[in-house]
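Take a look at the structure set out below.
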Amino acid sequence: MEHEVFVPVPAERLREVLDDPARVARAVPGLQQDAGAEPVAGRLKIRVGSHSVTYRGAVRVSRRDGDAYAVEGEAEESRGSGSVKLSLRIALRAAEDGCTVVYDGTASADGRIKDLPADAVESAVTRLLDRFAEHLAAAATGANDEAPTPPPPAPSGQGTEAEEKAPADPGLTEEPPAIPERPSVFGADVPPSSLGPEAGEDQEDEEDIAEAAHARRTMIGRSAEEVDHAPPRGRYAPVPAPQTVTPPAPLRWAAPAAALAVASAIVAVRALRRRR
């Protein structure tokens, strides 16, 4: 298999990345490194069409004579008995505004990936190599970007003044006095409001809530017709009108007096009958 990828990075920077196994491991797309293992070792998932196969293994990168690198790797399926062996050669060829990464090698595999279409497997491997070259270029460019940039030169007329004003060593300069923090109004306690409800009103509200809860409890399990025709309770119960008319005192004794008069008349009539 042969494949070429152009990257806009000089070959010297790519060699710096390829010489560092840790940076090579970070450039492998989708590699999950195993703790305490070799720098380029772990799990790698490869997607072939609508299928995906996960391998666990290790890869060794070594520099050969000239500008070429040899890549040797072995891996096994994490869920299955398949395995794959890789022997790859990576060469860097200088080009305008960058370089060309040339891949040349062979691979043998068995297991699930052997049952997949050959064109789909080749497309997946090509995509993996393209992304690997892109990650190498990104790692090389990032290493250059992290280097500190020198400060701009001072003007000719102000060079002496700048040296006099600048401290000899930034680490030995005195720190400015700390400015005390002002107390924040958001951390202060809020006093109770003077317009709050009185104790009597709170007690009335509690009684109203208790009556409403009792009314709801009594309505549970009753039909809608019974609830509609049920007499209201609690604070909504009707209050009987007060009696403003009171009967006079003599009328209270009228009935007993009449009963006594009738009884006396009956006794008198019986007594007269006995005399006759």
Side-chain angles (χ1 to χ4, degrees), residues 1-49 51-94 98-144:
M1 176 182 178
E2 296 181 0
H3 185 62
E4 296 183 1
V5 183
F6 172 80
V7 292
V9 177
E12 292 76 9
R13 296 182 184 176
L14 288 183
R15 293 190 186 94
E16 296 177 359
V17 179
L18 291 173
D19 290 336
D20 188 356
R23 298 171 70 181
V24 172
R26 290 194 295 267
V28 177
L31 176 64
Q32 299 179 2
Q33 293 182 261
D34 294 338
E38 298 181 13
V40 191
R43 298 176 58 186
L44 178 64
K45 179 183 291 186
I46 300 178
R47 181 172 296 276
V48 181
H51 304 272
S52 61
V53 184
T54 303
Y55 290 96
R56 179 186 295 273
V59 175
R60 292 169 296 278
V61 181
S62 58
R63 190 168 184 176
R64 299 302 184 186
D65 297 338
D67 300 334
Y69 291 84
V71 179
E72 301 289 338
E74 297 180 358
E76 297 180 355
E77 294 181 6
S78 59
R79 294 183 179 180
S81 58
S83 61
V84 61
K85 293 183 179 181
L86 174 67
S87 178
L88 191 66
R89 179 178 179 273
I90 301 177
L92 304 179
R93 188 173 59 201
C99 69
T100 302
V101 182
V102 181
Y103 299 100
D104 183 12
T106 59
S108 60
D110 57 0
R112 294 177 53 193
I113 199 170
K114 192 175 181 179
D115 300 334
L116 300 177
D119 54 348
V121 175
E122 184 178 358
S123 177
V125 174
T126 302
R127 183 171 59 253
L128 182 64
L129 296 178
D130 291 343
R131 294 180 58 191
F132 177 65
E134 294 175 358
H135 290 183
L136 287 177
T141 307
N144 184 51

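Contact detail for Val40 and Pro21: the closest heavy-atom pair is CG2-O, 3.6 Å. Closest of all the heavy-atom pairs between His135 and Ala27 is ND1-O, 3.0 Å. The nearest pair of heavy atoms linking Val84 to Ala109 is CG2-CB, 3.8 Å. Minimum heavy-atom separation, Leu31 to Ala25: CD2-O, 3.7 Å. Nearest heavy-atom pair, Cys99 versus Pro10, reported as atom, atom and distance to 0.1 Å: SG-C, 4.2 Å. Scanning all heavy atoms of the two residues, the minimum distance from Val7 to Leu14 falls at CG2-CD1, 3.7 Å.
With Thr54 as the partner, the side-chain contact (heavy atoms from CB on, under 4.5 Å) test is satisfied by one option alone out of Arg79, Glu77, Lys45: Lys45.
Once rounded to the nearest 0.5 Å, the distance linking CD of Glu72 with CZ of Arg89 reads 12.5 Å. The OG atom of Ser83 sits 8.5 Å away from the CD atom of Glu74 when rounded to the nearest 0.5 Å. In this structure, OH on Tyr55 lies 4.0 Å from CD1 on Ile113, to the nearest 0.5 angstrom. Atom CD1 of residue Ile90 and atom CG of residue Leu88 lie 5.0 Å apart, to the nearest 0.5 angstrom. How far CD of Gln33 is from CZ of Arg26: 8.0 Å, rounded to the nearest 0.5 Å. Going from atom CD of Glu76 over to atom CG of Asp110 covers 9.5 Å, rounded to the nearest 0.5 Å.
In the displayed structure, Glu122 atom CD is contacted under 6.0 Å by at most 12 heavy atoms of other residues, nucleotides or ligands.
Of the possible polar contacts, none joining the Arg131 side chain to the Thr126 backbone as a donor-acceptor pair under 3.5 Å is found. Side chain of Ser123 to main chain of Asp119: no donor-acceptor pair is present (N/O by atom type, distance under 3.5 Å, no hydrogens or angles).
A salt bridge between Glu4 and Arg93 is present, with a side-chain N of the basic residue lying under 4.0 Å from a carboxylate O of the acidic one.
Note: Tyr103 and Phe132 have tilted aromatic rings, judged against thresholds of 30 and 60 degrees for the angle between ring planes.
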Derivation and outcome, side-chain contact (heavy atoms from CB on, under 4.5 Å), residues Val71 and Arg60: CA-CA 6 Å; Val71 179; Arg60 292 169 296 278; over 6 Å; no
Residues Asp34, Arg56; criterion salt bridge (Lys or Arg N to Asp or Glu O under 4.0 Å); working and verdict: CA-CA 9 Å; Asp34 294 338; Arg56 179 186 295 273; 3.1 Å; yes
Steps toward side-chain contact (heavy atoms from CB on, under 4.5 Å) verdict (Val102, Leu92): CA-CA 6 Å; Val102 181; Leu92 304 179; over 6 Å; no
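Counting heavy atoms from C-beta outward, Val101 and Phe6 have side chains that stay 4.5 Å or more apart. Between Val53 and Val48 the shortest side-chain heavy-atom distance does not fall below 4.5 Å.
Neither side chain, His3 nor Asp104, offers a donor N or O lying under 3.5 Å from an acceptor on the other.
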